[in-house]
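One structure is given here, and the rest of the page talks about it.
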Amino acid sequence: MNLARYRNARYRLSVHQQRQLPPDSGFEVAFAGRSNAGKSSAINTLCGQNGLAKTSRTPGRTQQIVVFDLDEHRRLMDLPGYGYAKVPADLQRHWQNLLDRYLRNRAALKGLVLVMDARHPLKPFDRHLLSWTNAALMPCHILMTKADKLNRQQQTSAIRETRDALPELVTNIDVTIQLFSALKKTGIPELEQQLDNWYQWDRTEQLNN
Ligand SMILES: Nc1nc2c(ncn2[C@@H]2O[C@H](COP(=O)(O)OP(=O)(O)OP(=O)(O)O)[C@@H](O)[C@H]2O)c(=O)[nH]1
Ligand SMILES: [Mg+2]
(Lines give C-alpha, C1' and ligand atoms only; values in the text may rest on other atoms or scores of the structure.)
(Ligands and ions follow the chains in the order given, each with its own letter.)
Protein backbone atom coordinates (compact mmCIF):
# COMPACT_ATOMS: atom_id res chain seq x y z
CA MET A 1 0.00 0.00 0.00
CA ASN A 2 1.32 3.40 -0.94
CA LEU A 3 -0.95 6.25 0.09
CA ALA A 4 0.80 8.85 -2.04
CA ARG A 5 -0.53 7.13 -5.17
CA TYR A 6 -4.03 8.38 -4.43
CA ARG A 7 -3.20 11.41 -2.28
CA ASN A 8 -1.52 13.02 -5.25
CA ALA A 9 -4.68 12.91 -7.35
CA ARG A 10 -5.32 16.08 -9.29
CA TYR A 11 -8.39 17.35 -11.08
CA ARG A 12 -7.79 17.27 -14.82
CA LEU A 13 -11.03 18.11 -16.64
CA SER A 14 -14.78 17.59 -16.87
CA VAL A 15 -15.94 15.86 -19.99
CA HIS A 16 -19.24 16.76 -21.57
CA GLN A 17 -18.61 15.32 -25.02
CA GLN A 18 -16.86 12.07 -25.79
CA ARG A 19 -14.21 13.81 -27.89
CA GLN A 20 -13.03 15.71 -24.79
CA LEU A 21 -11.87 12.49 -23.12
CA PRO A 22 -8.11 12.13 -22.62
CA PRO A 23 -6.36 9.87 -25.15
CA ASP A 24 -7.47 6.28 -24.65
CA SER A 25 -4.25 4.87 -23.22
CA GLY A 26 -2.94 3.92 -19.80
CA PHE A 27 -5.21 2.87 -16.95
CA GLU A 28 -8.59 4.19 -15.87
CA VAL A 29 -10.87 3.17 -13.04
CA ALA A 30 -14.39 4.62 -13.02
CA PHE A 31 -16.77 5.11 -10.11
CA ALA A 32 -20.34 4.45 -11.19
CA GLY A 33 -23.60 4.22 -9.31
CA ARG A 34 -26.94 5.80 -8.61
CA SER A 35 -27.19 9.49 -8.06
CA ASN A 36 -26.36 10.43 -4.45
CA ALA A 37 -24.90 6.96 -3.69
CA GLY A 38 -21.62 8.55 -2.59
CA LYS A 39 -19.28 8.18 -5.59
CA SER A 40 -17.64 11.59 -5.33
CA SER A 41 -17.33 11.28 -1.54
CA ALA A 42 -15.64 7.89 -1.92
CA ILE A 43 -13.10 9.40 -4.33
CA ASN A 44 -12.39 12.23 -1.90
CA THR A 45 -11.92 9.80 0.97
CA LEU A 46 -9.63 7.56 -1.05
CA CYS A 47 -7.56 10.55 -2.10
CA GLY A 48 -7.64 12.20 1.33
CA GLN A 49 -8.79 15.47 -0.22
CA ASN A 50 -12.15 16.81 0.87
CA GLY A 51 -12.80 19.17 -1.99
CA LEU A 52 -11.31 17.14 -4.84
CA ALA A 53 -14.59 15.85 -6.30
CA LYS A 54 -17.69 17.99 -5.81
CA THR A 55 -20.28 16.40 -3.54
CA SER A 56 -23.77 17.44 -2.54
CA ARG A 57 -26.73 16.46 -0.41
CA THR A 58 -28.96 16.84 -3.44
CA PRO A 59 -28.70 14.18 -6.14
CA GLY A 60 -27.37 15.04 -9.57
CA ARG A 61 -24.24 16.88 -8.44
CA THR A 62 -21.75 15.30 -10.82
CA GLN A 63 -23.02 16.16 -14.28
CA GLN A 64 -20.05 15.25 -16.42
CA ILE A 65 -17.34 12.62 -16.51
CA VAL A 66 -14.85 14.19 -14.14
CA VAL A 67 -11.28 13.08 -14.71
CA PHE A 68 -8.56 13.02 -12.04
CA ASP A 69 -4.94 12.25 -12.83
CA LEU A 70 -3.01 10.00 -10.45
CA ASP A 71 0.10 10.05 -12.58
CA GLU A 72 1.01 10.27 -16.23
CA HIS A 73 -0.60 6.91 -17.05
CA ARG A 74 -3.39 6.53 -14.52
CA ARG A 75 -6.74 8.24 -14.08
CA LEU A 76 -9.77 8.09 -11.80
CA MET A 77 -13.14 8.85 -13.42
CA ASP A 78 -16.09 10.20 -11.43
CA LEU A 79 -19.21 9.38 -13.44
CA PRO A 80 -22.54 11.18 -13.28
CA GLY A 81 -25.06 9.26 -11.19
CA TYR A 82 -27.90 7.47 -12.86
CA GLY A 83 -31.52 7.43 -11.83
CA TYR A 84 -31.94 11.10 -11.02
CA ALA A 85 -35.40 11.92 -12.29
CA LYS A 86 -35.26 15.70 -11.94
CA VAL A 87 -32.74 16.18 -14.69
CA PRO A 88 -34.45 17.30 -17.93
CA ALA A 89 -35.08 14.34 -20.21
CA ASP A 90 -32.82 15.46 -23.02
CA LEU A 91 -29.90 16.08 -20.64
CA GLN A 92 -30.49 12.68 -19.08
CA ARG A 93 -30.37 11.12 -22.52
CA HIS A 94 -27.17 12.99 -23.23
CA TRP A 95 -25.48 11.63 -20.05
CA GLN A 96 -26.78 8.18 -20.72
CA ASN A 97 -25.33 8.31 -24.18
CA LEU A 98 -21.99 9.65 -22.96
CA LEU A 99 -21.84 6.98 -20.25
CA ASP A 100 -22.83 4.16 -22.58
CA ARG A 101 -20.26 5.15 -25.15
CA TYR A 102 -17.59 5.61 -22.50
CA LEU A 103 -18.24 2.22 -20.93
CA ARG A 104 -18.45 0.42 -24.24
CA ASN A 105 -15.50 1.86 -26.07
CA ARG A 106 -12.83 2.64 -23.56
CA ALA A 107 -9.71 0.50 -23.83
CA ALA A 108 -8.09 2.30 -20.89
CA LEU A 109 -10.95 1.34 -18.55
CA LYS A 110 -9.55 -1.45 -16.37
CA GLY A 111 -12.24 -1.71 -13.75
CA LEU A 112 -15.48 -0.31 -12.47
CA VAL A 113 -16.23 0.55 -8.87
CA LEU A 114 -19.97 0.17 -8.45
CA VAL A 115 -20.97 2.42 -5.56
CA MET A 116 -24.22 1.57 -3.78
CA ASP A 117 -25.76 2.98 -0.63
CA ALA A 118 -25.44 0.02 1.77
CA ARG A 119 -29.03 0.64 2.84
CA HIS A 120 -30.38 0.33 -0.71
CA PRO A 121 -28.28 -2.15 -2.66
CA LEU A 122 -28.98 -3.63 -6.09
CA LYS A 123 -31.56 -1.24 -7.44
CA PRO A 124 -32.61 -1.91 -11.04
CA PHE A 125 -29.91 0.19 -12.63
CA ASP A 126 -27.22 -1.39 -10.42
CA ARG A 127 -28.38 -4.75 -11.71
CA HIS A 128 -28.31 -3.47 -15.25
CA LEU A 129 -24.75 -2.24 -14.80
CA LEU A 130 -23.68 -5.55 -13.27
CA SER A 131 -25.14 -7.45 -16.21
CA TRP A 132 -23.23 -5.16 -18.50
CA THR A 133 -19.91 -5.73 -16.66
CA ASN A 134 -20.61 -9.43 -16.87
CA ALA A 135 -21.22 -9.33 -20.63
CA ALA A 136 -18.25 -7.04 -21.25
CA LEU A 137 -15.97 -9.04 -18.90
CA MET A 138 -15.25 -5.77 -17.15
CA PRO A 139 -13.82 -6.29 -13.65
CA CYS A 140 -16.12 -4.88 -11.01
CA HIS A 141 -15.74 -4.00 -7.34
CA ILE A 142 -18.83 -3.19 -5.31
CA LEU A 143 -18.43 -0.45 -2.73
CA MET A 144 -21.30 -0.52 -0.25
CA THR A 145 -20.96 2.91 1.18
CA LYS A 146 -22.63 4.93 3.97
CA ALA A 147 -21.94 1.85 6.14
CA ASP A 148 -21.96 4.25 9.12
CA LYS A 149 -25.75 4.38 8.76
CA LEU A 150 -26.01 0.68 9.62
CA ASN A 151 -25.17 -1.22 12.79
CA ARG A 152 -22.86 -4.23 12.73
CA GLN A 153 -25.60 -6.74 12.21
CA GLN A 154 -27.22 -4.75 9.42
CA GLN A 155 -23.83 -4.38 7.74
CA THR A 156 -23.28 -8.11 7.81
CA SER A 157 -26.70 -8.85 6.34
CA ALA A 158 -26.34 -6.14 3.69
CA ILE A 159 -23.12 -7.74 2.48
CA ARG A 160 -24.54 -11.24 2.66
CA GLU A 161 -27.73 -10.40 0.80
CA THR A 162 -25.84 -8.64 -1.94
CA ARG A 163 -23.32 -11.45 -2.25
CA ASP A 164 -26.13 -14.01 -2.42
CA ALA A 165 -27.86 -12.10 -5.21
CA LEU A 166 -24.74 -11.87 -7.37
CA PRO A 167 -24.59 -15.36 -8.94
CA GLU A 168 -27.87 -14.67 -10.70
CA LEU A 169 -26.51 -11.51 -12.28
CA VAL A 170 -22.87 -12.24 -12.80
CA THR A 171 -21.46 -15.51 -14.07
CA ASN A 172 -18.41 -14.59 -16.13
CA ILE A 173 -16.44 -12.42 -13.73
CA ASP A 174 -15.50 -12.30 -10.09
CA VAL A 175 -17.11 -9.37 -8.36
CA THR A 176 -15.51 -8.26 -5.12
CA ILE A 177 -17.53 -6.46 -2.50
CA GLN A 178 -16.83 -4.40 0.59
CA LEU A 179 -18.31 -1.96 3.06
CA PHE A 180 -17.12 1.62 3.06
CA SER A 181 -17.81 4.86 4.89
CA ALA A 182 -16.67 8.25 3.69
CA LEU A 183 -17.88 9.71 6.96
CA LYS A 184 -15.93 7.35 9.22
CA LYS A 185 -13.18 6.78 6.66
CA THR A 186 -13.46 3.02 6.85
CA GLY A 187 -12.74 0.56 4.06
CA ILE A 188 -9.93 2.57 2.47
CA PRO A 189 -7.25 -0.19 2.53
CA GLU A 190 -9.52 -2.71 0.77
CA LEU A 191 -10.43 -0.19 -1.90
CA GLU A 192 -6.77 0.72 -2.41
CA GLN A 193 -5.83 -2.89 -2.74
CA GLN A 194 -8.34 -3.47 -5.52
CA LEU A 195 -7.33 -0.30 -7.35
CA ASP A 196 -3.60 -1.00 -6.98
CA ASN A 197 -4.29 -4.25 -8.71
CA TRP A 198 -6.18 -2.70 -11.64
CA TYR A 199 -3.64 0.08 -12.01
CA GLN A 200 -0.77 -2.42 -12.03
CA TRP A 201 1.42 -0.06 -10.07
CA ASP A 202 4.26 -2.55 -10.03
CA ARG A 203 4.54 -2.11 -13.79
CA THR A 204 5.31 1.61 -13.49
CA GLU A 205 8.98 1.06 -14.23
CA GLN A 206 8.25 -0.75 -17.48
CA LEU A 207 5.75 1.88 -18.54
CA ASN A 208 8.17 4.70 -17.96
CA ASN A 209 10.98 3.08 -19.87
N1 LIG B 1 -23.28 9.23 6.31
C2 LIG B 1 -22.63 9.18 5.14
N3 LIG B 1 -22.97 10.07 4.17
C4 LIG B 1 -22.31 9.96 2.99
C5 LIG B 1 -21.29 8.99 2.76
N6 LIG B 1 -20.85 9.14 1.49
C7 LIG B 1 -21.54 10.16 0.97
N8 LIG B 1 -22.42 10.67 1.85
C9 LIG B 1 -23.36 11.79 1.63
O10 LIG B 1 -24.23 11.46 0.56
C11 LIG B 1 -24.51 12.62 -0.23
C12 LIG B 1 -24.15 12.34 -1.69
O13 LIG B 1 -22.76 12.14 -1.80
P14 LIG B 1 -21.98 12.34 -3.18
O15 LIG B 1 -20.61 11.84 -2.97
O16 LIG B 1 -22.15 13.73 -3.71
O17 LIG B 1 -22.80 11.33 -4.12
P18 LIG B 1 -22.60 11.02 -5.68
O19 LIG B 1 -22.82 9.56 -5.85
O20 LIG B 1 -21.32 11.57 -6.17
O21 LIG B 1 -23.86 11.81 -6.30
P22 LIG B 1 -24.06 12.40 -7.80
O23 LIG B 1 -22.84 13.16 -8.18
O24 LIG B 1 -25.27 13.25 -7.67
O25 LIG B 1 -24.31 11.22 -8.68
C26 LIG B 1 -23.70 13.76 0.39
O27 LIG B 1 -24.55 14.48 1.25
C28 LIG B 1 -22.62 13.04 1.16
O29 LIG B 1 -22.14 13.77 2.27
C30 LIG B 1 -20.97 8.10 3.84
O31 LIG B 1 -20.10 7.21 3.74
N32 LIG B 1 -21.66 8.25 5.00
MG1 LIG C 1 -20.91 12.88 -7.67
Side-chain angles (χ1 to χ4, degrees), residues 6 9-16 21 28-69 75-89 91-100 102-103 109 111-130 132-133 140-156 158-159 162 177-192 194-195:
Y6 302 99
R10 276 163 192 259
Y11 171 81
R12 174 160 171 176
L13 85 161
S14 297
V15 170
H16 191 64
L21 282 164
E28 279 172 5
V29 173
F31 283 59
R34 283 167 56 79
S35 203
N36 212 44
K39 300 173 291 298
S40 302
S41 303
I43 290 176
N44 288 343
T45 303
L46 170 74
C47 298
Q49 302 180 42
N50 272 341
L52 184 66
K54 302 268 189 325
T55 65
S56 159
R57 285 153 73 97
T58 40
R61 180 65 186 86
T62 308
Q63 310 205 340
Q64 289 158 321
I65 296 180
V66 185
V67 185
F68 303 96
D69 282 327
R75 295 174 295 279
L76 266 177
M77 316 296 269
D78 187 9
L79 303 181
Y82 42 75
Y84 180 48
K86 285 196 189 150
V87 175
L91 186 60
Q92 216 173 72
R93 261 196 306 276
H94 173 79
W95 289 354
Q96 194 58 58
N97 236 319
L98 181 66
L99 270 183
D100 278 356
Y102 171 74
L103 291 174
L109 183 62
L112 202 66
V113 178
L114 171 55
V115 181
M116 305 193 291
D117 185 324
R119 296 167 299 175
H120 312 289
L122 293 177
K123 295 285 184 194
F125 213 100
D126 300 322
R127 291 169 181 266
H128 178 76
L129 204 65
L130 276 168
W132 174 80
T133 59
C140 180
H141 182 70
I142 295 182
L143 200 68
M144 299 193 52
T145 192
K146 308 197 188 183
D148 54 275
K149 304 253 191 196
L150 300 178
N151 65 32
R152 262 305 139 113
Q153 198 190 343
Q154 292 168 321
Q155 290 180 358
T156 312
I159 287 273
T162 307
I177 172 167
Q178 69 159 108
L179 289 163
F180 189 85
S181 166
L183 187 74
K184 301 278 187 201
K185 308 209 184 310
T186 52
I188 304 174
E190 291 104 301
L191 178 59
E192 277 177 356
Q194 180 61 75
L195 266 51

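Heavy-atom basis, side chains included; hydrogens, waters and symmetry copies ignored. Atoms within a ligand are numbered from 1 in the order they appear, just like the ligands themselves.
Taking every heavy atom of Thr145 and a limit of under 4.0 angstrom, the matching atoms of ligand 1 come to 31 (O). Here is the list of ligand 1 atoms found below 4.0 Å of a heavy atom in Ser41: 6 (N), 7 (C), 13 (O), 14 (P), 15 (O), 28 (C). Near Ser181, with a cut-off below 4.0 Å to any heavy atom, the atoms of ligand 1 are 31 (O). Those atoms of ligand 1 with a heavy atom of Gly81 less than 4.0 angstrom away are 25 (O).
Between Gly38 and ligand 1, an N or O atom pair is found at a separation short of 3.5 Å. Geometrically, ligand 1 and Lys54 share no nitrogen or oxygen pair separated by less than 3.5 Å. Looking at ligand 1, you won't find any N or O of Ala147 less than 3.5 Å from one of its N or O atoms. Distances between N or O atoms of Asp78 and those of ligand 1 include no value under 3.5 Å. The shortest N or O to N or O distance between Pro80 and ligand 1 is not below 3.5 Å.
Using a 4.0 Å cut-off between charged side-chain N and carboxylate O, Asp69 and Arg12 make a salt bridge.
Taking atom 10 (O) of ligand 1 as the reference point, the nearest protein heavy-atom neighbour is Lys146 NZ, 3.0 Å. Atom 16 (O) of ligand 1 has as its closest protein heavy atom Ser56 N, 3.1 Å. Nearest to atom 21 (O) of ligand 1 among the protein's heavy atoms is Asn36 N, 3.0 Å. Among protein heavy atoms, atom 32 (N) of ligand 1 sits closest to Asp148 OD1, 2.7 Å. Of all protein heavy atoms, the one lying nearest to atom 31 (O) of ligand 1 is Ala182 N, 2.7 Å. The closest protein non-hydrogen atom to atom 19 (O) of ligand 1 is Lys39 NZ, 2.6 Å.
Considering Thr55, Leu76, Val29 in turn, Leu76 is the only one that fulfils the side-chain contact (heavy atoms from CB on, under 4.5 Å) rule with Ile43. Evaluated for a side-chain contact (heavy atoms from CB on, under 4.5 Å) with Leu103, the options Leu98, Thr133, Leu129 yield exactly one hit, Leu129.
No donor-acceptor pair under 3.5 Å is formed between the side chain of Lys146 and the backbone N or O of Phe180. A distance-only check finds no donor-acceptor pair linking the side chain of Glu192 to the backbone of Leu46 [under 3.5 Å]. Here the side chain of Asn44 pairs a donor or acceptor atom with the backbone of Ala53 at under 3.5 angstrom. Remark: side-chain polar atoms of Gln178 are paired, donor with acceptor, to backbone N or O of Leu191 under 3.5 angstrom. Without hydrogens or angle criteria, His16 side chain to Ile65 main chain gives no donor-acceptor distance under 3.5 Å. A donor-acceptor pair is defined here as one N or O able to donate and one able to accept, closer than 3.5 Å; such a pair exists between the side chain of Lys39 and the backbone of Gly33.
In this structure, Asn50 places its CG atom where only 12 or fewer heavy-atom neighbours from other residues, nucleotides or ligands lie under 6.0 Å away.
Contact annotation: for Lys184 versus ligand 1, there are no heavy atoms closer than 4.0 Å. Under 4.0 Å from ligand 1, heavy atoms of Ser35 appear from its side chain as well as its backbone.
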Evaluation steps, side-chain contact (heavy atoms from CB on, under 4.5 Å), between Val66 and Tyr11: CA-CA 8 Å; Val66 185; Tyr11 171 81; 3.5 Å; yes

Could you please spell out the steps behind the side-chain contact (heavy atoms from CB on, under 4.5 Å) verdict for Met116 and Leu122? CA-CA 7 Å; Met116 305 193 291; Leu122 293 177; 4.2 Å; yes

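For Gly38 against Thr145, the heavy-atom pair with the smallest separation is CA-CG2, 4.4 Å.
The closest approach between Gly33 and ligand 1 stays at or above 4.0 Å for every heavy atom of the residue.
For Glu28 and Tyr102, the side-chain atoms include at least one donor-acceptor pair closer than 3.5 Å.
At a cut-off of 2.8 Å, measuring from the Mg ion (ligand 2), the protein N, O or S atoms that fall short of it are Ser40 OG, Thr62 OG1, waters left aside.
Taking the salt bridge (Lys or Arg N to Asp or Glu O under 4.0 Å) definition, one finds that Arg10 meets it with nothing, sequence neighbours left out.
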